[in-house]
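Following: one structure in structure tokens, then a few remarks.
Atoms within a ligand are numbered from 1 in the order they appear, just like the ligands themselves.
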Amino acid sequence: MKPEDFPKEIRPFIIPEHEGELIYRCLDCGLQYDIEELLYTCPDCGQVLLIYDLNSERLKKIPGEMWRRIFDYRKMLTIPALKGIYLYHEFIGPVIPLDAVIYLGEGHTPVVEANDFLQEKAGVRFYFKNDGQNPSASFKDRGMASALSYIHFLVKKGHVSDVLAICASTGDTSAAAALYASFLQPHVKSAVLLPHKKVTPQQLSQPLGSGAAVFEIPGVFDDCMKVVEALSENYNVALLNSKNAWRILGQESYSYEVAQAFEYDMEDKVIVVPIGNAGNITAVISGFLKFYETGIIDSLPKILGVQSKHANPVYRYYLEPDAAKRKFVPITVKPSVAQAAMIGNPVSMPRVIHLVELYNSKSGMQNVFFVEVAEQAIMDWELLANQNGHIACTHGGESLAGLVAARSQGIIGQNDVAVIDSTAHALKFSGFQEMYFEKRFPAEFEIFPDPDLINAPVYIHPKDLAKVPAPGKPLKSADFEQFVKRVSEEIAKSLNLKKIVTF
Ligand SMILES: *Cc1c(COP(=O)(O)O)cnc(C)c1O
Ligand SMILES: [Zn+2]
């Protein structure tokens, strides 16, 4: 729809102005810094930063009801810059002019309700939000669209040139970074650091396919992260990990979309997210807070963070009920099928601590919860979900397992409706499905396949068939007829099919 065709009262707002006054703010010492410079940590005390809009009061001058209409109408626009995460421009990057926005098809991912069978099994009403349907097949595209649009903005202003964008990754960050950076070549080049053999073949193929420089390093993600931090401290590179606060801003779009998908009614809703480096849960909490403070939603949904028992530092931190006694202790991770969340020392932990406290206090009660789940439960729930119409990755399975655990612990009530973040596409992690079906899990995963969930291809080659076709060697008519007849008989036998009776 063309801007001039919108209702008169919507027209002045349908194309966002570029305004706002964004600054980085240190979460520890509170110092503020100009965003004209690319910063990741506080130059004064070294703590992580978040981006704030000093002029956010202007957003409150528009009533929540009006905002809701603006966003709903904006969905009808065909302007590419506003078709992705920047539909919520005023809340995500109000200083970024639309001509700097990079849109590669991210965001607005489907929200799919589970069937009756699965909801009954889980004991809760729930939906999957399929963030695997983003361009690089994970939610990381949301943050990269924001971070690379910001870099594009700096390039256009002449503040930077020949940028080398760099990141450490458990697989999906590098796929997204390489994809979005490649759109800006030759101005931006990208390099990614991966823990050797700790990303799936699909994830490795992605940055290679996008033309990034790919480095594999011994160890796990936490080791890669240290190397990338050393590089960003000593060399002129742009860090694209979620330490980069622009990533968080982009990922807030997830909350805005969930709100919009449920007509901004967050009563009795539970948002379930897996936690790795904790950037995503930071963004999800921050996003709902912003919509709440602007009156776009009237209540704050419950947030449920889920971790594997093999990588659970955030869960452990919150085990201590007394906030004053909590102490963050990084852990050594064990192998996990939720491999993209296999992180023992989450970079965003200070952000989580800050925002969880704020969220609970604005909610007037505890409204953020954490649970841990076994590797077995992650695989079982992922496979069961996908046998019921979903395309969940292992982290989607982890989140569903977490929802079930939270329901049995009474964290989630009978009338709650959950939205589960399936953070990536099932295909990225199909190797774990294969290991399950072929009973090949090494002992340290502690996964024992449930025979009811195992599936395997059946090879049909009847012994009495002398000739079968091969590429470039088709069968002649009589042989081919015999082949079709015998193979279809065998398949019918295997499936117990009844013959059509003709009279
Ligand atoms: C990165 C990632 C996570 C973890 O998100 P954090 O922001 O690091 O907590 C979970 N699932 C998938 C598929 C991911 O790529
Ligand atoms: Zn500081």
If you measure every N or O of [X] against every N or O of ligand 1, does any of those distances drop under 3.5 Å?
{"X": "D172", "result": "yes"}
{"X": "A278", "result": "yes"}
{"X": "S138", "result": "no"}
{"X": "G276", "result": "yes"}

Charged tip of K362 within 45° of Y292 ring normal and under 6.0 Å: no
Mutual orientation of the aromatic rings belonging to F153 and Y150 [parallel < 30°, tilted 30-60°, perpendicular > 60°]: tilted
For the residue pair [X] and [Y], is the inter-centroid distance of their aromatic rings smaller than 6.0 Å?
{"X": "F370", "Y": "Y317", "value": "no"}
{"X": "F429", "Y": "H395", "value": "yes"}
{"X": "F262", "Y": "Y127", "value": "yes"}

Proximal candidate to atom 7 (O) of ligand 1 [heavy atom criterion; set N280, I343, V273]: N280
Winner among I248, I275, N241, N277 once heavy atoms are compared against atom 8 (O) of ligand 1: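 Closest candidate by heavy-atom distance is N277.
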Heavy-atom nearest neighbour in the protein, as seen from [atom], with distance rounded to 0.1 Å:
{"atom": "atom 5 (O) of ligand 1", "result": "F139 CZ, 3.4 Å"}
{"atom": "atom 10 (C) of ligand 1", "result": "T423 OG1, 3.7 Å"}
{"atom": "atom 2 (C) of ligand 1", "result": "K140 NZ, 2.4 Å"}

Metal-centred angle, the Zn ion (ligand 2) as apex - SG of C42, SG of C29, 10° resolution: 110°
The Zn ion (ligand 2): angle it makes with SG (C45) and SG (C26), nearest 10 degrees: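 My answer is 100°, to the nearest 10°.
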Carboxylate-amine/guanidinium contact E293 K290, below 4.0 Å: no
Matching residue for R142 among E106, E252, E257 - test: side chain to side chain donor-acceptor pair (under 3.5 Å): E257
Candidate pair S308 and E375, rule side-chain hydrogen bond (donor to acceptor under 3.5 Å, both in side chains), full reasoning: CA-CA 7 Å; S308 159; E375 291 293 311; 2.5 Å; yes
Residue G279 vicinity, atoms of ligand 1 by number, heavy atom under 4.0 Å: 6 (P), 7 (O), 9 (O)
